[in-house]
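Inspection log for the structure reproduced underneath, given as structure tokens.
One-based numbering, in listed order, for ligands and for the atoms of each.
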Amino acid sequence: MNEREIRVQETSRYIREQITDEPVSIAMILGSGLGVMAQELETPITLNYHDIPGFPVSTVVGHAGELVTGYLEGKRVMVMNGRFHYYEGHSMDTLAFPVQVMKSLGIEHLLVTNAAGCVNVAWNPGDLMVISDHIKLISDNPLRGENPGMLGERFFDMSEAYDKKLRALAHRCAGEIGITLREGIYQLFSGPSFETPAEVRFARMCGADAVGMSTVPEVIAANHAGMKVLGISCMTNMAAGILSQPLNHQEVLETGENVKSTFIALVRKIVGAWDL
Ligand code: HPA
């Protein structure tokens, strides 16, 4: 075993001891303002990131930093309430670590959510978007370095990084509860600066519908480990340059807050219908 594999195993052993033996079906990584989902779990077991050996610690406002295991719509889920970002100074492989631990715990399904800037001018703040694919022009990669072979192959396919069946499931669920659900491409920017208007135009030319500062590293790690991924973005604001007003983080949090109940309803529906 290489060093990475040993670390993943040590951390997952600790978590397994804390959460008992019943298998967890779905892991969830929740973005800005959406961490409230963690409070929706029944019979929760909460582990503070600080107390988990080898686990990174989150620094951003609005991200609590706890791993909550419990039941949602009858499924056993593990929620990362508080995620790690590249802009915090974490390396990409640090962002991959929790996902690799989840896989090592036997979890095969990952739901990721995030706040994103809306690049598609036909859409509006507050819209939810199923991620169909992503663009990462940052040259760094979370799997750079020695390959943790117990998790996956050195070179791995990304041609359906966001599972087609899960995307269809999300649309079905949205239809059933009467929510408009967009589908589109998410482009990663490193942050913490928001994009410039020129960068947003560039993203649109690339084919992106949304821009954001998270998710992609975790999704790459999940694909490496053979997990099935569903990603949903909340368009918290029109991306820079589209409207004649500056962007701020407060707006991101406020829109997240306004959309919260709709978002939770959708996630509940999806988790309930999730075909394991
Ligand atoms: N850009 C990047 N990340 C974001 C944005 C944005 O406009 N809004 C929320 N997260």
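The side chain to side chain contact (heavy atoms under 4.5 Å, CB included) search around Phe202 returns Leu137, Gln187, Cys206, not counting sequence neighbours. Shown here are the salt bridge (Lys or Arg N to Asp or Glu O under 4.0 Å) partners of Glu10, two or more places apart in sequence or in another chain: there are none.
Checking Tyr162 against Glu183 by side-chain atom types alone, no donor-acceptor pair falls below 3.5 Å. The closest side-chain donor-acceptor pair between His224 and Asn147 falls under 3.5 angstrom.
In this structure, Phe194 is part of the shell of residues with a heavy atom less than 4.0 angstrom from ligand 1.
Interface of Asn237 with ligand 1, defined as ligand atoms under 4.0 Å from a residue heavy atom, comprises 5 (C), 6 (C), 7 (O), 8 (N), 9 (C). Here is the list of ligand 1 atoms found below 4.0 Å of a heavy atom in Thr236: 8 (N), 9 (C). Each of the atoms 1 (N), 2 (C), 6 (C), 7 (O) of ligand 1 lies under 4.0 Å from some heavy atom of Glu195.
Proximity of Leu247 to ligand 1, defined as any heavy-atom pair under 4.0 Å, is confined to the side chain (atoms from C-beta onward).
Here the protein heavy atom with the shortest distance to atom 3 (N) of ligand 1 is Gly212 CA, 3.4 Å. Protein heavy atom nearest atom 10 (N) of ligand 1, with residue, atom name and distance: Ala115 O, 3.3 Å.
Considering only heavy atoms from C-beta on, Met37 stays 4.5 Å or farther from Val77 through its side chain.
Under the 4.5 Å side-chain heavy-atom criterion for grouping Ile, Leu, Val, Met, Phe, Trp and Tyr, Val200 is not connected to Ile138 through any hydrophobic cluster.
For the residues Gly117, Ala240, Ala239, the heavy atom positioned nearest atom 6 (C) of ligand 1 is part of Gly117.
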